[in-house]
Visitor: 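One structure, pasted below without further comment.
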Amino acid sequence: MAIQRALPERRVGTTIVELLAVVAIVTLLIALLLPALQGVRELARRTQCANNLRQVGCALHGYLLSKGKFPIGCVEWKAGTGGTNRCLAWSAFILPWMEEQIASDRVNCLIPYDDPANAAAAAAVVSTYLCPSAGRTNPRVSGMGGCDYGGIVGERITSTNNPEKGVICTSTSYAVKDILDGLSKTILVAECAREPWADGQWINGRNLFDVAYAINSKMPFWEDEMRSWHPVGAHGLAGDGSVQFVAESTDRRILAAAMTRAKGESPAAPWVAN
């Protein structure tokens, strides 16, 4: 009887060189995929931001149908805090049409926005007023619900903004018939989210601005402007309720035309619709 000898077991393993090669390939794949993943995430955030402004547009038109005019941007404007001026914002007045009736009911419109009696109401966070790309670590600004969108009172690119040339202004409310340039060519509300905006509170009537610089301009000082964290542009809400993405490269004179209600400019609207 023949004796069968067991063959020595063959060990299969991975050399250090092969392991390093695998690690290098995986690292390369991650490096290639990460920008694409970040791009997809930003696209989702930009879409959500546009949807926020669409809801704001629906609320503005709900207010328009109810009152016959768009809301005043600020009732009894004041420069700082304290005092008896109410300084209440357009963004507080449209809350009932944003399905935020509870938040609206808590605001006492007979007293200033920063009165201690309004503190609890002002602290409410309205998620629709927050752009997801802004990357806020705190949804409140000085204890009050934040707002990354400001009403447009006009422009200071071609001339001074006195009297105000926009639609959401500090002292007057405007009807559709007053917007002679056309609703589809006039921006009512736009992003102002590039930096911590001290006045960016939905109850605060100072969440208004006029446009004086190119979109997303880098400035050595802070000024309320049309700025966002979205690459290459920022969103604006037109008077017809459409949300537009306006590119950083937009000619400033054309940009100025979009911020006024009745200057009679002829240029086409400087945006591509979402």
Visitor: Do we see a donor-acceptor contact under 3.5 Å between the side chains of N51 and Q55?
Guide: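 Per modelled atom types, N51 and Q55 side chains form no pair under 3.5 Å.
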Visitor: With a 3.5 Å distance limit and no angle check, can you tell me whether E76 reaches the backbone of N85 through a side-chain donor-acceptor pair?
Guide: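 Not at all, since once roles are kept as given, no pair shorter than 3.5 Å links the two residues.
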Visitor: Could you tell me if the side chain of R206 sits less than 4.5 Å from the side chain of D224, heavy atoms only?
Guide: no
Visitor: Donor-acceptor check, side chain of S228 to backbone of H230, threshold 3.5 angstrom: yes or no?
Guide: yes
Visitor: Report, as yes or no, whether the 6.0 Å neighbourhood of atom CD on E99 holds more than 12 heavy atoms from other residues, nucleotides or ligands.
Guide: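 Count not over threshold, so no.
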Visitor: Looking only at side-chain N and O atoms, does E164 offer a donor or acceptor that is under 3.5 Å from a partner on T170?
Guide: yes
Visitor: How long is the gap from CG on L65 to CH2 on W97, to the nearest 0.5 Å?
Guide: 9.5 Å
Visitor: Will you find, in the side chains of Q244 and S242, an N or O donor that is under 3.5 Å from an N or O acceptor?
Guide: yes
Visitor: Checking R261 against Y174: charged group under 6.0 Å from the ring centre and within 45 degrees of the axis?
Guide: yes
Visitor: Yes or no on salt bridge (charged side-chain N to carboxylate O under 4.0 Å, His left out) for R86 and D115, after CA distance, side-chain angles and deciding distance?
Guide: CA-CA 9 Å; R86 290 176 290 168; D115 189 288; over 6 Å; no
Visitor: Under 4.5 Å between any side-chain heavy atoms of K263 and K165, yes or no?
Guide: yes
Visitor: Just by distance, no angles: are the side chains of Y129 and N52 close enough, under 3.5 Å, to form a donor-acceptor pair?
Guide: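 Their side chains do not contain a donor-acceptor pair, so the 3.5 Å distance test is not met.
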Visitor: May I ask you to check whether over 12 heavy atoms, not counting those of I111, lie within 6.0 Å of atom CD1?
Guide: yes
Visitor: Got a donor-acceptor contact below 3.5 angstrom from the E155 side chain to the D210 backbone?
Guide: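 Checked: no pair found.
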Visitor: Looking at H61 and G239, would you say the former's side chain and the latter's main chain have a donor-acceptor pair under 3.5 Å?
Guide: yes
